[in-house]
2 protein chains.
Amino acid sequence: MRVSREKAAEHRDRIIDAAGALFRAKGFGGIGVADIMKAADLTHGGFYGHFASKEDLVAQASRRTMARAAANWTKLVEAAPDSPYAALLAHYLSPKHRDDPGKGCAFAALGNDAARSGKVVRKAFAEGLAPLIEILAQSIPGKSKAARRRKAVAAMATLVGALTLARAVEGMPLSDEMLEAAHRELAAAARV
Amino acid sequence: MRVSREKAAEHRDRIIDAAGALFRAKGFGGIGVADIMKAADLTHGGFYGHFASKEDLVAQASRRTMARAAANWTKLVEAAPDSPYAALLAHYLSPKHRDDPGKGCAFAALGNDAARSGKVVRKAFAEGLAPLIEILAQSIPGKSKAARRRKAVAAMATLVGALTLARAVEGMPLSDEMLEAAHRELAAAARV
DNA sequence: ATTATCTATAGATCTATAGATAATGC
DNA sequence: ATTATCTATAGATCTATAGATAATGC
């Protein structure tokens with residue numbers, strides 16, 4: 001059942017989008033090629049016409065997810081020109097973000113998986129992380145450029161760690177406390 | 001080949017220890033029962049005499065790993081009575097810790113896996129996290145008890161996030177920068 | 001506790017085909 | 001417009017792996 005080039009490109013797109021969400025929700029190993037194809041309304045066999053392997057898809061889906069995150073952060077920052085940092089914090093450390101990993105940050109959802117992945121995937125993560133830190137560095141108050149950079153890197157760690165831990169203990173009081181404490185401490189550090 | 005109760009208990013112990021290291025190194029799904037048993041010098045089939053399921057082992061190994069972490073943190077803190085917080089930071093944010101996940105923090109190695117696990121495992125993680133935050137709260141400078149608690153929770157997020165990200169981008173310059181920035185910012189915040 | 005075995009799953013490959021695209025001819 | 005070719009997909013299948021169970025032995 002042949003399909004136009006346009007349709008095929010659209011199918012490829014759908015596969016990458018479905019994978020982007022399912023990987024974040026279930027981990028790289030927690031979802032299979034067949035289920036990703038089903039989510040994209042296609043059959044298992046067609047997969048290898050689009051991708052060399054599952055790992056190939058992992059890398060491509062990760063790249064797209066992180067590129068979208070950078071675009072989203074930029075939009076958030078531009079929408080709040082007088083308090084860009086506060087806008088990023090509120091957005092990132094929300095219960096809504098915690099409760100829907102499939103639509104959220106790739107680093108908080110897949111940091112461990114990335115650490116155990118091959119070089120191609122890890123490089124995708126490194127190249128996806130840099131722009132987010134850049135955006136943070138431009139939004140964060142600080143004496144010097146070096147100080148803002150350092151604060152941005154540390155803030156990124158706090159954001160990812162807080163979300164990761166809030167999810168790991170989801171359902172317990174500690175989960176909300178984690179988001180709130182990280183939010184307050186980061187906001188306070190920015191005022192110094 | 002039947003074995004005394006004492007030997008059996010020792011075998012069980014070895015399985016839990018092997019699992020504790022292998023899970024942290026490879027993730028809950030990244031290592032199989034057969035390989036864990038091999039690491040404990042036992043055969044695959046014997047596993048189900050000790051544990052109801054793999055998930056049962058996951059929960060038990062997680063509990064032990066985290067209990068040991070709390071004991072280790074207490075030892076570190078007691079060995080540096082005038083700068084306990086600095087001692088914890090230096091220990092946690094070292095390249096050595098980053099480069100050997102199998103012997104390191106369960107939250108930085110398995111936070112994502114825990115978030116995707118069942119309630120039993122997530123409860124184990126919540127109960128393992130609380131003591132670490134307590135130790136941090138007692139080591140960290142701060143005006144009030146509430147302020148120290150809040151700082152401790154946020155610091156825990158920074159530690160776990162920095163290590164997770166440093167591993168996700170391992171091999172790139174950003175990896176070292178992540179550890180150093182988190183270290184400097186946390187130490188600076190404690191001086192305020 | 002060992003050894004053998006069962007069953008389900010998942011990544012990957014193979015084959016046939018519908019139908020799109022390219023080449024040909026008027 | 002016709003004919004030939006190409007290719008994305010479906011569906012079936014292969015192979016390896018992993019959790020779990022059963023049979024056996026001491």
Side-chain angles (χ1 to χ4, degrees), chain A residues 1-62 110 113-114 116-118 120-121, chain B residues 1-62 110 113-114 116-118 120-121:
Chain A
M1 192 186 290
R2 176 117 151 105
V3 126
S4 72
R5 279 178 200 174
E6 203 177 12
K7 275 281 170 202
E10 187 207 308
H11 289 170
R12 196 169 175 287
D13 237 53
R14 284 215 310 261
I15 298 169
I16 296 176
D17 279 347
L22 287 167
F23 284 148
R24 278 177 282 170
K26 293 164 180 281
F28 293 148
I31 188 79
V33 168
D35 285 322
I36 291 167
M37 290 300 276
K38 192 182 285 182
D41 260 312
L42 294 163
T43 52
H44 187 175
F47 179 83
Y48 294 90
H50 291 287
F51 303 96
S53 64
K54 189 188 179 185
E55 205 197 353
D56 181 15
L57 174 64
V58 163
Q60 295 201 40
S62 297
L110 296 164
D113 296 58
R116 298 177 208 122
S117 295
V120 175
V121 174
Chain B
M1 193 186 291
R2 183 144 161 109
V3 126
S4 72
R5 276 179 203 176
E6 202 177 13
K7 275 281 171 202
E10 187 208 307
H11 289 171
R12 196 169 175 287
D13 238 52
R14 285 215 308 264
I15 298 168
I16 296 175
D17 279 348
L22 288 167
F23 283 148
R24 278 177 282 169
K26 292 165 181 279
F28 292 147
I31 188 78
V33 168
D35 285 323
I36 291 166
M37 291 299 277
K38 192 181 284 181
D41 260 313
L42 294 163
T43 51
H44 186 177
F47 178 82
Y48 294 88
H50 291 287
F51 303 96
S53 65
K54 188 187 180 185
E55 205 197 354
D56 181 15
L57 174 64
V58 164
Q60 296 201 41
S62 297
L110 295 164
D113 296 59
R116 298 177 208 124
S117 295
V120 175
V121 174

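A note on names: the letters A, B, ... follow the listed sequences, proteins ahead of strands, and every chain is numbered from 1.
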When you check the phosphate oxygens OP1 and OP2 of C:dA22, does a side-chain N or O of A:Arg5 lie under 4.0 Å from one of them? yes
A:Ile15 side chain near A:Phe51 side chain, heavy-atom distance below 4.5 Å: yes
With distance as the sole test, does A:Asp35 use its side chain to make a donor-acceptor pair with the main-chain N or O of A:Ile31 at under 3.5 Å? no
Please tell me if the side chains of A:Ile36 and A:Phe47 come closer than 4.5 Å, counting only heavy atoms from C-beta onward. no
Rounded distance (Å) that lies between atom C1' of D:dA8 and atom CE of A:Met37: 10 Å
Are side-chain heavy atoms of B:Ser62 and B:Phe23 found at a separation under 4.5 Å? no
In whole angstrom, give the distance that lies between atom CZ of A:Arg14 and atom P of D:dA8. 15 Å
Please check if the side chain of A:Lys26 supplies one atom and the backbone of A:Gly32 the other of a donor-acceptor pair under 3.5 Å. no
Strictly under 3.5 Å: I want the nitrogen or oxygen pairs between protein and nucleotides 17-19 of chain D, one per line.
residue: D:dG19; atom: OP1; partner: B:Lys54; partner atom: NZ; Å: 2.7
residue: D:dG19; atom: OP2; partner: B:Val33; partner atom: N; Å: 2.7

Across the strands shown, which category fits B:Thr43 at heavy-atom distances under 4.0 angstrom: base, sugar-phosphate, nothing? base
Measure CG/B:Leu57 against P/D:dA20 and give the value in whole Å, please. 11 Å
Look only at the side chain of B:Arg24 and the backbone of B:Gly20, and say whether a donor-acceptor pair between them is shorter than 3.5 Å. yes
Expected output check: what is the dot-bracket annotation of DNA chain D, where ( ) and [ ] are pairs inside the strand (brackets for crossing ones), | is paired with another strand, and pairs are Watson-Crick or G-U under 3.5 Å? ||||||||||||||||||||||||..
What integer distance in Å separates B:Glu55:CD from D:dA20:C1'? 15 Å
Heavy atoms of B:Leu22 and B:Ala39 approach each other most closely as CD1-CB, 3.8 Å
Between P of D:dT21 and CZ of B:Phe51, the distance in whole Å: 15 Å
Protein-nucleotide distance (B:Phe47, atom CZ; C:dT3, atom P), rounded to Å: 18 Å
Between B:Gln60 and B:His50, is any pair of side-chain heavy atoms under 4.5 Å apart? no
So, for A:Gly27 and A:Leu110, which heavy atoms are closest and what is the spacing to 0.1 Å? CA-CD2, 3.8 Å
